[in-house]
Protein chains: 2
Amino acid sequence: MSGNKQYHVVVLGVGFGGLTFCQNFRHPNARITVVDRTNHHLFQPLLYQVAAAGLSAPEIAQPIRGILSNRPDITVLFNKVVDFDLAQKRVVLEKGSLDYDYLVVAMGGQTGYFGHPEWEQFAPGLKTLDDALRIRSQILLAFEKAENETDPAESDRLLTIVVVGGGPTGVELAGAFAELTRTVLNRDFRRIDPTKARIILIEGSPTVLSHLPPDLSASAQRQLESLGVQVRNNIHVKDIRAGEVELANGEIIRAGNILWAAGVSATPLTKNLGVELDKSGRVKANPDLSLPGHPEIFAIGDMALVLGENGKPVPGVSPAAMQMGKHVAKIVEHEINASAKPATRPAFKYWDKGTMATIGRSAAVAWVGRFKFSGFLAWLAWLFIHLIFLIGFRNRLAVLFQWTYSYFSYKRSARIITYTPPDSSETK
Amino acid sequence: MSGNKQYHVVVLGVGFGGLTFCQNFRHPNARITVVDRTNHHLFQPLLYQVAAAGLSAPEIAQPIRGILSNRPDITVLFNKVVDFDLAQKRVVLEKGSLDYDYLVVAMGGQTGYFGHPEWEQFAPGLKTLDDALRIRSQILLAFEKAENETDPAESDRLLTIVVVGGGPTGVELAGAFAELTRTVLNRDFRRIDPTKARIILIEGSPTVLSHLPPDLSASAQRQLESLGVQVRNNIHVKDIRAGEVELANGEIIRAGNILWAAGVSATPLTKNLGVELDKSGRVKANPDLSLPGHPEIFAIGDMALVLGENGKPVPGVSPAAMQMGKHVAKIVEHEINASAKPATRPAFKYWDKGTMATIGRSAAVAWVGRFKFSGFLAWLAWLFIHLIFLIGFRNRLAVLFQWTYSYFSYKRSARIITYTPPDSSETK
């Protein structure tokens with residue numbers, strides 16, 4: 001019997017983790033069903049470029065069906081997970097349900113507001129393409145409104161962009177908006193001067209990019225400041241209201257655009273897995289990435305908490321998610337071949353390939369093993385690595401073309417307002 | 001005094017007409033203010049490609065400010081026109097107002113429902129980028145829903161696309177959806193077969209593309225049918241309801257996607273111009289394109305009704321709008337130089353450069369002077385001409401790249417669902 005048993009592997013989420021699992025797992029005795037709430041795999045490291053009108057949405061997204069169309073063993077469902085029935089080995093979907101032999105949970109994270117969900121309406125985060133398109137429209141709209149505005153105070157407010165959080169996303173966003181206003185929009189208006197737009201980056205800890213060595217953090221801050229970003233370290237946000245941010249010292253910054261890049265939490269569905277979570281909702285997985293008490297379920301990517309060899313949690317970055325997907329693929333393949341669960345499974349080992357963050361045109365920091373780079377060289381490395389990893393030949397060429405063109409022409413072609421947000425108080 | 005008088009020219013709308021006026025009018029004694037409700041100039045002839053996931057939005061749209069950034073004499077306002085005060089020579093905007101010496105009204109058209117505005121919610125039209133993105137999401141979503149659907153009748157309904165109106169837009173849409181389902185989505189689903197999707201084109205008159213000679217219309221129909229489109233001529237739509245179309249003979253077609261390509265009417269603001277309109281709201285302009293009784297106001301483009309040399313109305317196509325913009329630019333320049341309004345102005349003469357419509361990959365019809373083409377040759381001509389006219393170097397190259405890639409790979413990269421429409425009854 002064992003040789004003919006057909007296994008059903010269900011994969012929830014087609015981010016870097018889920019996709020890498022699919023690409024590394026294929027077995028004649030198994031079929032795979034993947035479920036995602038979107039129809040595309042997103043190259044999240046470049047999402048900020050869409051928000052800053054540097055790239056168009058399809059350039060960083062690929063239809064999941066397109067990626068997997070040559071895999072007849074994989075069925076893709078555009079559907080939402082609503083619950084788990086662990087005893088029955090069943091995932092409950094918005095429409096229907098799926099029984100599994102193995103379950104790979106790779107649903108990623110979402111913007112977290114540290115217990116202040118009411119801030120979301122005033123300070124959107126950046127996790128999905130919709131988020132990016134909404135932010136792009138909102139920022140461009142604020143400049144258009146300022147051009148029509150006769151009250152100088154209101155015009156100043158509209159031209160103020162506050163980015164909360166000095167991690168990689170916050171630094172990239174602030175740098176990209178500085179470039180957008182200084183080198184792209186600068187000649188386009190007649191009544192306002194976009195180069196006078198204030199871009200303020202607020203960070204609670206003593207430095208931006210605090211996961212990097214101090215000299216690289218300091219370099220990143222200098223590079224940001226030379227682009228025109230005001231960096232405010234060591235200060236927390238106390239409250240966010242319509243069109244203004246209140247800092248811990250009582251200072252109020254009036255801003256037409258407030259963006260949240262300070263926190264990520266796992267999808268709330270992790271609560272339904274019946275296992276221990278950390279404070280940002282991540283699943284405390286076994287060393288092999290399975291769930292305690294459920295060897296048939298694996299948690300991978302941003303929603304999994306697992307410790308690296310240095311005893312610190314493996315960071316929520318795409319290379320880690322991809323390595324986890326590969327690790328789980330090997331375990332499942334091995335067990336299907338052995339037709340039994342072996343007594344022990346290999347533990348996941350994270351291989352840190354280095355860290356980098358881009359700040360703008362020719363501006364970046366990179367930390368790879370013993371080497372630290374900043375400025376143009378780091379930026380070139382960043383460019384090269386992102387192009388290599390950007391999925392799909394077509395996207396790679398289009399993005400390269402786009403970047404080369406932007407680099408030499410100082411124009412940005414995605415500068416169109418399509419989605420006009422409901423006239424929220426931020427940009428009123 | 002006359003030599004130093006400063007003229008203020010206000011241009012409403014930056015479509016082909018308004019933009020061509022700006023590009024052809026420049027005078028040391030004049031400044032221009034242009035007003036548009038969007039921030040981009042749209043290459044409308046390719047809008048259907050965005051709806052059919054062949055191109056991304058930024059590839060056919062250019063920021064107006066970007067196009068005009070080298071013109072310090074032009075101020076761009078992202079604002080809405082709400083009324084005219086013709087006696088005061090003033091345009092009332094949503095925010096503020098503008099006094100003019102010359103006014104160029106080039107606000108284009110909108111989808112018209114022949115007195116059935118209630119059909120709009122069930123059968124969206126295609127005039128703006130938002131329309132195109134919404135249609136793209138809706139169609140792709142219908143296929144995703146069908147893949148999750150267990151009721152075969154509902155699945156069939158979701159896989160039915162009805163296009164109402166067999167003019168150029170309807171033909172292009174139907175052809176593009178036939179290609180999308182037959183050559184792009186065909187390998188991507190496991191439960192449904194996208195090549196079985198029904199695409200029905202409904203036209204009230206005896207032929208599609210009835211403005212072309214009968215042999216070209218017949219060729220277009222044959223080419224559509226060979227792509228898999230069901231063409232229904234000679235039948236009118238009686239009613240459109242949620243998820244179904246009722247024809248004049250009582251037949252009911254249940255369809256997950258209904259698109260309206262049957263009518264265009266001028267912007268309703270033409271009513272406030274106090275002059276005679278035709279039944280689709282177009283302004284009956286003088287032969288010089290000025291408004292009766294108002295030599296300082298011109299109406300150009302789709303919202304102007306003016307007769308060609310053959311006694312028939314000049315068609316609402318981009319070459320006509322561009323020629324009108326150029327004509328008005330000459331008149332205004334001449335009069336500012338002469339510092340007086342001459343007794344007579346030249347009449348507008350429309351130069352018909354030919355007509356073409358594309359149907360799909362290697363499929364099109366073209367009618368240029370004495371020459372008629374169809375099939376591959378017409379398609380090549382169409383491709384070439386659209387690339388030549390597509391504004392902006394970068395867009396031209398990106399679109400060429402995109403098309404070449406699509407042609408050889410049968411993939412479409414813009415196949416992403418970003419805007420999820422409120423769960424309307426069409427795709428429930």
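Keep in mind that this is a model prediction, so the values were computed, not measured. Below, each value reflects all heavy atoms present in this structure, side chains not excepted, and no hydrogens, waters or symmetry copies.
Contacts of B/T75 with chain A are made by both backbone and side-chain atoms, with heavy-atom separations under 4.5 Å. Both the backbone and the side chain of B/R65 come within less than 4.5 Å of a heavy atom of chain A.
Counting heavy-atom pairs under 4.5 Å between each of B/I64, B/I74, B/L68 and chain A puts B/I74 at the top.
Side-chain atoms of B/T195 and B/D193 form a donor-acceptor pair, as typed in the model, at a separation below 3.5 Å. For the residue pair B/T128 and B/D130, no side-chain donor N or O sits within less than 3.5 Å of a side-chain acceptor on the partner. Of the N and O atoms on the side chains of A/N257 and A/Q138, at least one donor lies less than 3.5 Å from an acceptor on the other residue.
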Between B/F16 and B/F43, is the ring-ring contact (aromatic ring centres under 6.0 Å, His included) condition met? List the steps. CA-CA 8 Å; B/F16 286 103; B/F43 194 78; 5.7 Å; yes
